[in-house]
2 protein chains.
Amino acid sequence: MRYKAGYKEEKRREILKTSGELAKKQGFNNTGVDGFMHAANMTSGAFYSHFSSKNDLFKALIESEIGASIQQWEMNPHQDPESWLDFEMNRYLSLLHVQHPEKGCVLPSLAAEVSRADADIKQCFEKELQRGYKLFAQHAPEPDFAWAILCQMVGSVLLARGVQDERLKKDIINSSLAMLKTLLKNGIAK
Amino acid sequence: MRYKAGYKEEKRREILKTSGELAKKQGFNNTGVDGFMHAANMTSGAFYSHFSSKNDLFKALIESEIGASIQQWEMNPHQDPESWLDFEMNRYLSLLHVQHPEKGCVLPSLAAEVSRADADIKQCFEKELQRGYKLFAQHAPEPDFAWAILCQMVGSVLLARGVQDERLKKDIINSSLAMLKTLLKNGIAK
DNA sequence: GTCTATAATTTGATAGAC
DNA sequence: GTCTATCAAATTATAGAC
């Protein structure tokens, strides 16, 4: 055997990482197998020894990318729910996140493509998204609004990325930040 | 002249309408010129007598689609801000909207593709989006949160479309509806 | 104004050498 | 496991007939 054990797994993770960045930046469907492999310093022929099809890569990408977001959320240093959420909101609703899709959350970038993908991929997306939701429901001060808060963050980054003016990008994310903070400060008296 | 005056403009609007539905349903980049023209009962050769390029169609599509959403918002029958917003939230955050992207708002469907498009298209998107924002800022009870409310609605439909389970789709949009209504009921005491 | 035909690329995927 | 070479299909766009 000319390659070490574990080499293939390592290479696969490498492809997933560079492909994830590329897909978030320029879209999954807009990027060819050639493009993904080029980003991993390989040629397209080698692709199919790691994935059975381009669709297979998409599924693996959704899984690993949402997994990466969840890992970040799990490393949130704060204990009390208020501070925990405040930390995540500020990280997510930032100009840095808006301007660097390749390093950010997969949801604003690829959720629309997931909604058009086959049942297998949507299933995978749903499973991983539920994991993320549970983390928010456990740590956020108001579990009933965990989905709403996630939606708010995702939608804000999505729209802010679509506009050109930097001032407007800031206005959009700051409006969302202000609304979420107002909601939480008021104690969410239903 | 074998064709009536105004025939071309009419045909162009027809192409925009069917192309808009198709693009919202299956993505703009995923659809070929052939596909768009087939939906309008024409062949791809005729496309270029209406648009200079596929990119030109995208720009026209963004303009007409956001314009169509704004028209809907302008036809909201309610006068007082509270009822006006309540009406729009219920329309937007509905299972019907989640399940029929081809008939719905363009933002959850195509905003990610806009964020990857050229400056010309983003400019057009920004201009139209600002018009929509102003309508919300004028009619919604809290202008400072107009962007936040738009982001909330867009993000909710986006994520709800990505998951498979209908119960979960409902949970997502209902969480957002509940959060927005709580916020407004509490008088938005900042 | 729309058609058919076609040019030039790009795409997802396979085969075989090393 | 990765490479080069290659294929069949699909893509954007143009040309010329009606």
Side-chain angles (χ1 to χ4, degrees), chain A residues 1-20 22-62 64 110 113-114 116-118 120-121, chain B residues 1-20 22-62 64 110 113-114 116-118 120-121:
Chain A
M1 211 199 275
R2 291 196 287 189
Y3 291 89
K4 289 184 208 165
Y7 177 83
K8 189 170 179 178
E9 283 69 28
E10 190 192 321
K11 209 69 186 164
R12 186 189 148 103
R13 269 196 301 277
E14 201 180 313
I15 297 173
L16 280 177
K17 185 168 180 289
T18 52
S19 295
L22 203 54
K24 285 186 288 184
K25 188 178 166 193
Q26 60 186 32
F28 181 78
N29 267 292
N30 303 328
T31 309
V33 170
D34 218 37
F36 285 127
M37 292 307 277
H38 184 75
N41 284 314
M42 282 187 266
T43 56
S44 66
F47 176 83
Y48 294 91
S49 55
H50 292 279
F51 302 96
S52 65
S53 68
K54 198 192 172 194
N55 208 47
D56 186 31
L57 169 65
F58 193 33
K59 190 179 166 188
L61 228 43
I62 292 301
S64 78
L110 300 184
E113 295 192 53
V114 169
R116 294 171 196 126
D118 62 35
D120 197 32
I121 284 174
Chain B
M1 206 197 275
R2 290 196 288 185
Y3 292 89
K4 291 183 207 167
Y7 179 83
K8 189 171 180 178
E9 282 70 29
E10 191 193 320
K11 209 70 186 161
R12 185 188 148 104
R13 269 196 302 277
E14 201 180 313
I15 297 173
L16 280 177
K17 184 168 179 289
T18 53
S19 295
L22 202 54
K24 286 185 287 184
K25 188 178 167 191
Q26 61 186 33
F28 180 79
N29 267 292
N30 304 328
T31 308
V33 170
D34 219 35
F36 285 127
M37 292 306 277
H38 184 75
N41 285 313
M42 282 187 266
T43 55
S44 66
F47 176 83
Y48 294 92
S49 56
H50 292 280
F51 302 96
S52 66
S53 68
K54 199 193 172 193
N55 207 47
D56 186 28
L57 169 65
F58 193 33
K59 191 179 165 188
L61 229 42
I62 292 301
S64 78
L110 299 183
E113 295 191 54
V114 169
R116 294 171 194 128
D118 61 37
D120 197 32
I121 285 173

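In what follows, every chain begins at residue 1, and chains take the letters A, B, ... in the order their sequences are listed. What you are looking at is a predicted structure, and each value in this text was computed from that prediction instead of being measured.
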Q | Residues that Asp118(A) engages under side-chain hydrogen bond (donor to acceptor under 3.5 Å, both in side chains), provided they are two or more places apart | A | Asn55(A)
Q) Can you tell me how far C1' of dG1(D) sits from CZ of Arg12(A), to the nearest Å? A) 15 Å
Q | Summary of salt bridge (charged side-chain N to carboxylate O under 4.0 Å, His left out) pairs that have at least one residue in residues 22-33 of chain B, sequence neighbours excluded | A | Lys24(B)-Glu65(B)
If you look only at distance, which donor and acceptor atoms sit under 3.5 Å apart when one is on a side chain in residues 8-16 of chain B and the other is two or more places apart or in another chain?
from: Lys8(B); atom 1: NZ; to: Ser49(B); atom 2: O; distance (Å): 2.9

Q) Rounded to whole angstroms, how far apart are CZ on Phe58(B) and C1' on dT12(D)? A) 16 Å
Q) Can you check the Asn41(A) CG to dT2(D) P distance for me, whole Å? A) 12 Å
Q.
Tell me the interatomic distance from Asn30(A), atom CG, to dT10(C), atom P, rounded to whole angstroms.
A. 15 Å
Q: With sequence neighbours excluded, tell me which residues meet salt bridge (Lys or Arg N to Asp or Glu O under 4.0 Å) with Lys59(B).
A: Asp120(B)
What pairs of donor and acceptor atoms, side-chain ones from residues 30-39 of chain A against any protein atom, are under 3.5 angstrom apart with sequence neighbours left out?
from: Asn30(A); atom 1: ND2; to: Gln26(A); atom 2: O; distance (Å): 2.9
from: Thr31(A); atom 1: OG1; to: Gln26(A); atom 2: NE2; distance (Å): 2.9
from: Thr31(A); atom 1: OG1; to: Gly27(A); atom 2: O; distance (Å): 2.7

Q: Name every residue in residues 32-40 of chain B that has at least one heavy atom under 4.0 Å from any atom of DNA chain D, in order of residue number, or write none if there are no such residues.
A: Gly32(B), Val33(B)
Q) How long is the line joining CD of Glu14(A) and P of dG1(D), in whole Å? A) 14 Å
Q: Starting from P on dT10(C), measure out to CG on Asn29(B) and report it in whole angstrom.
A: 15 Å
Q) Quick one: does Asn29(A)'s side chain get under 4.5 Å of Phe58(A)'s, heavy atoms only? A) no
Q: Could you tell me which residues satisfy side chain to side chain contact (heavy atoms under 4.5 Å, CB included) with Thr43(A), sequence neighbours excluded, listed by chain and number?
A: none
**Q.** Of the listed nucleotides dG1(D), dC3(D), dG1(C), the one nearest the side chain of Met42(A)
**A.** dC3(D)
**Q.** Nucleic acid contacts - residues 43-57 of chain B versus DNA chain D, non-hydrogen atoms under 4.0 Å
**A.** Gly45(B), Tyr48(B), Ser53(B), Lys54(B)
Q | For Tyr48(A), ring pair (Phe, Tyr, Trp, His ring centres under 6.0 Å) partners two or more places apart | A | none
